[in-house]
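Atom set for the values below is all heavy atoms of this structure, side chains included, hydrogens, waters and symmetry mates excluded.
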Amino acid sequence: MFEQEQKRIEDQIRAYCAGAGLPEPKLQWSWIPFSGHWGISTSFFQLASQEAREKGLKVNVAERAQTIADGAAKVLGQPQGFERVEAVRGYLNLYFSTAEYTRRVLDAVLAEGDQFGRTPGKGERVMVEFSQPNTHKAFHVGHLRSAILGDVLARILEAAGYDVVRANYPGDIGLHVVKWLWNYMKFHTGEKPQQDITRWMGDLYLETSKRLEANADLEAEVRALYVRWDRRDPEVVALWEETRQWSLDGFKELYDLLDIRFDVYYFNSTVEQAGKQLVNDLIERGIASDERPDGAVVVKLDELLGLDKEKFRVLVVLRSDGTALYATEDLALAARKFSDYPDLTKSLYVVDVRQSLHFQQVFKTLEIAGFPWATRCQHIPYELVTLPGNMAMASREGTVVLLEDLVREATARALEIVRGKNPDLSVEKQQEIALAVALGAIRYSMISRENTKVVTFDWETALDFDGQAAPYIQYAYVRAGSILRKWGKELPASGLPAYDLTPAEVQLVELISRLPREIQTAANDYRPMVLSNLAYEMAKAFNDFYNQCPVLQAEPAVRDGRLRLVAAARQAIGNALGVLGVIAPTAM
RNA sequence: GUCCCUGUAGCUCAGUGGAUAGAGCGCCAGCCUCCGGAGCUGGAAGCGGCGGUUCGAGUCCGCCCAGGGACGCCA
């Protein structure tokens, strides 16, 4: 937003350095770090140090940097668009004309409306694969991180101008499914889930695990059933298809609840054959070694690459009995994606960090096999959601917190508060708000930290709506809307603020102005946290402003400026929440 | 054994190589005749260790310590 001014200043400083016989400066700008001040800053330490080296001088770098900064400040004088230039402790600080820049930022936000922060199309298509749920199992809080992280990543990439394809890869076949079918056929024939489908499926899975644990002899029956599946026994296939659909229906309900959608579903069961073919091709081309019947089919990556130290190790691509592994299917899936969408510039996999090596191996194998798109595949790892005591959530152990339970508890807690604060609202409206708050809080907890950090789930934190959490941001949004509703008229026309802005106001405007840039950063680094942090900071700055600066009671000239600021803050916070997939309510 | 991730306040986390390391929770003390107290103000409290690079290191490099994870037929 300030590129032109910055460029002009840079040219002047360069000219000054050239004239003073100094080396060419690099000029890295940063924001003035003192809150309540708004402007850009650069230091001359590097330049001073470089000069000393080149000229073989022994100087005090800090002093020399200050001298250079002084000189630059003198040359710049009072540049247009800035209200103050200072050289202090080796830094050159340029303070914006806050009135002018504030007007510029607010005008941009209000003109762009819900597009503010978003970047027009880049013409690049990216696929994000996320939320790979196993059918016939429960959907618990541990599964939530991939679903939400992937969804938010997709939203951020879209906002940053990418054309995003959202892909789901359900695990719809495998031993866990056959076990479930075995239990169903033996003990539950004819039963159908009525409501809470996913819970019902999960309960049956847990029951299955317990039965098999209690009696090891039953494994033989499961194996027999697996053989029937492998032969595509019509009865088994029909039951598999029917029960799989129950799971998918259940997942659909949960995704709808979470406002998560997919453009394409790749089912695990549909890439098995293609995977085996691909492996055969690798064997023929000498990339994979067929060690059957004594061993499996493997790709000796380090050997193929001529590496001395072990790095990629060995990837098993087919079992010794010829059946497919996860790796078999992943090879085919990657190819399928680029066959369906040849123009993908990136194929992202949002999968937990434990599979880092696996994906490195798969992608490297594809690269060796000569697929030109192999280098466009990238794993986006994230850490797990665990229970206190670093206990993993495991369906077969039953040590899980179900998504349904979390949403229900959180909504109940939120509803209590909403009722107390908004007794006049209809019950439906109260419930709607409570759900928005609950879902927002859940979402935020999954994306407000580094992807590589473990989320420890505990009920107390999950149900705490105070402080650094989505409800705090939603609350700031509601308060801003409340002021505008009370005002009830058109926004005042644009103009330079006719008063000196307080530090709180400057801080708020500055944060708002960052939104477009931070969305880009979040997209480039695949780090939603960058945006969730900004959203929180904007909300915090708004609450500061709200407490310190009366709007409607202020004298008209001040009031008009602040009304535009409130409207812009509301817009920016709302847009940020939108990109995070958090509902911005009108009351709460 | 090899590789990856993590280590910042009592707890949970931020912190583009740059100025005074910031939030939340919890604790203590305050703030509703004033636009919504899911809020605000103030207070106590911190970079795992040792070296190195650099004008400058929480940040980069090396080694160590601690926790977690992955390492040929689980997904």
*Asks:* Ignoring backbone atoms, establish whether A/K486 has a side-chain N or O less than 4.0 Å from OP1 or OP2 of B/rG36.
*Replies:* yes

*Asks:* Under a 3.5 Å cutoff on both atom distances, Watson-Crick or G-U, what's the dot-bracket for RNA chain B ([ ] crossing, | other strand)?
*Replies:* (((((((..((((....[...)))).(((((.......)))))....(((((..]....))))))))))))....

*Asks:* Are any of the side-chain nitrogens in A/K453 or A/E450 under 4.0 Å away from the carboxylate oxygens of its partner?
*Replies:* no

*Asks:* Taking only side-chain nitrogens and oxygens of A/R319, does any of them come within less than 4.0 Å of OP1 or OP2 of B/rA75?
*Replies:* yes

*Asks:* Can you say whether the rings of A/H37 and A/Y95 are parallel (under 30°), tilted (30 to 60°) or perpendicular (over 60°)?
*Replies:* perpendicular

*Asks:* Using the side-chain heavy atoms of A/V88, tell me which of these nucleotides is nearest: B/rA19, B/rC34, B/rG1.
*Replies:* B/rA19

*Asks:* With respect to the side chain of A/D464, which nucleotide from B/rA70, B/rC25, B/rG18 is positioned closest?
*Replies:* B/rC25

*Asks:* Applying a 4.0 Å non-hydrogen cut-off, can you work out what A/R527 is touching in the nucleic acid: base, sugar-phosphate, or nothing?
*Replies:* sugar-phosphate

*Asks:* When the distance from CZ of A/R419 to P of B/rG36 is rounded to whole Å, what number comes out?
*Replies:* 23 Å

*Asks:* How far does OH of A/Y266 sit from CD of A/Q132, to the nearest 0.5 angstrom?
*Replies:* 13.5 Å

*Asks:* Roughly how many Å is it from CZ in A/R292 to P in B/rG72, rounded to a whole number?
*Replies:* 20 Å

*Asks:* Check the geometry between A/Y546 and B/rG39 and answer yes if their rings are stacked (centres below 5.5 Å, planes below 30°), otherwise no.
*Replies:* no

*Asks:* Is any N or O donor-acceptor pair between the side chain of A/S356 and the base of B/rC4 shorter than 3.5 Å?
*Replies:* no

*Asks:* What is the distance, rounded to the nearest whole Å, between atom CZ of A/R145 and atom P of B/rC5?
*Replies:* 16 Å

*Asks:* Are the charged groups of A/E510 and A/R514 less than 4.0 angstrom apart, N to O?
*Replies:* yes

*Asks:* Using a heavy-atom cut-off of 4.0 Å across all strands, would you classify A/V478 as base, sugar-phosphate, or nothing?
*Replies:* base

*Asks:* Quick one: label A/N93 by what it contacts on the DNA or RNA (base, sugar-phosphate, nothing), any heavy atom closer than 4.0 Å.
*Replies:* base

*Asks:* Nearest whole angstrom, please: distance from the C1' of B/rG24 to the CE of A/M529.
*Replies:* 15 Å

*Asks:* Parallel, tilted or perpendicular: which one describes the rings of A/F359 and A/Y349, with boundaries at 30° and 60°?
*Replies:* tilted

*Asks:* Under a 4.0 Å N-O cut-off, is there an ion pair linking A/E432 with A/K429?
*Replies:* yes

*Asks:* If only side-chain N and O atoms of A/K309 are considered, is one of them under 4.0 Å from the OP1 or OP2 phosphate oxygen of B/rC3?
*Replies:* yes

*Asks:* In terms of side-chain heavy atoms of A/R354, which of B/rG69, B/rC13, B/rG24 is nearest?
*Replies:* B/rG69

*Asks:* Under 4.0 Å, heavy atoms only, any strand: does A/G295 hit a base, just the sugar-phosphate, or nothing?
*Replies:* base

*Asks:* Is it true that a side-chain atom of A/R562 and a backbone atom of A/P550 form a donor plus acceptor pair closer than 3.5 Å?
*Replies:* yes

*Asks:* A/Y91 and A/F45: aromatic ring centres closer than 6.0 Å?
*Replies:* yes

*Asks:* When you measure from the side chain of A/Y326, which nucleotide among B/rG72, B/rA75, B/rA14 comes out closest?
*Replies:* B/rA75

*Asks:* Among B/rG18, B/rC35, B/rA19, which nucleotide has an atom closest to any side-chain atom of A/S43?
*Replies:* B/rG18

*Asks:* Closest to the A/N547 side chain: B/rG36, B/rA23, B/rC40?
*Replies:* B/rC40

*Asks:* Distance check needed: B/rC34 P versus A/R479 CZ, whole Å only.
*Replies:* 14 Å

*Asks:* Take A/L175 and A/K300, find for each the nucleotide of RNA chain B with the closest heavy atom, and name the residue whose nucleotide sits nearer the 5' end.
*Replies:* A/K300

*Asks:* Looking only at the side chain of A/D466 (C-beta and beyond, no hydrogens), which of the listed nucleotides B/rG37, B/rC25, B/rU16 gets closest?
*Replies:* B/rC25

*Asks:* In whole Å, I'd like the distance from the NZ atom of A/K179 to the P atom of B/rA75.
*Replies:* 11 Å

*Asks:* Any base atoms under 4.0 Å from A/Y536, or only sugar-phosphate, or nothing? Heavy atoms, all strands.
*Replies:* sugar-phosphate

*Asks:* Would you mind classifying the nucleic acid contact of A/S41 as base, sugar-phosphate or nothing, using non-hydrogen atoms under 4.0 angstrom?
*Replies:* base

*Asks:* Looking at A/Y472, does any N or O in its side chain come under 4.0 Å of the phosphate oxygens OP1/OP2 on B/rC40?
*Replies:* yes

*Asks:* Nearest to the A/K453 side chain among B/rU41, B/rC35, B/rU8, which nucleotide is it?
*Replies:* B/rU8

*Asks:* Using whole Å, report how far CD of A/E383 lies from P of B/rG7.
*Replies:* 11 Å

*Asks:* Checking one value: the base orientation of B/rC32, syn if chi is within 90 degrees of 0, otherwise anti.
*Replies:* syn

*Asks:* From the list B/rA75, B/rC40, B/rG68, which nucleotide is the closest neighbour of the side chain of A/L325?
*Replies:* B/rA75

*Asks:* Residues two or more places apart in sequence or in another chain: which of them pass side chain to side chain donor-acceptor pair (under 3.5 Å) with A/E555?
*Replies:* none

*Asks:* Distance check: side-chain N/O of A/K540 vs OP1/OP2 of B/rG24, anything under 4.0 Å?
*Replies:* yes

*Asks:* From the set B/rC3, B/rU54, B/rG39, return the single nucleotide nearest to any side-chain atom of A/R53.
*Replies:* B/rU54

*Asks:* Rounding to an integer number of Å, can you tell me how far A/F312 CZ sits from B/rU2 P?
*Replies:* 18 Å

*Asks:* With a 4.0 Å limit, can you tell me whether A/S49 has a side-chain N or O closer than that to the phosphate oxygens OP1/OP2 of B/rC55?
*Replies:* yes

*Asks:* Quick check: on RNA chain B, is the nucleotide nearest A/S448 upstream (toward 5') of the one nearest A/N268, or the reverse? Name the residue that is more 5'.
*Replies:* A/S448

*Asks:* Can you tell me how far C1' in B/rG56 sits from the matching atom in B/rU16, rounded to whole Å?
*Replies:* 16 Å

*Asks:* Hey, can you tell me if A/W180 and A/H136 have their rings parallel, tilted or perpendicular (30° and 60° cut-offs)?
*Replies:* perpendicular

*Asks:* Taking only side-chain N and O atoms of A/T452, does any of them lie within less than 4.0 angstrom of OP1 or OP2 on B/rU6?
*Replies:* yes

*Asks:* B/rU20, OP1 or OP2 - any side-chain N/O from A/R89 closer than 4.0 Å?
*Replies:* yes

*Asks:* Can you run down the ring pair (Phe, Tyr, Trp, His ring centres under 6.0 Å) pairs that involve residues 448-473 of chain A, sequence neighbours left out, and say none if there aren't any?
*Replies:* A/F457-A/W459, A/Y472-A/Y536

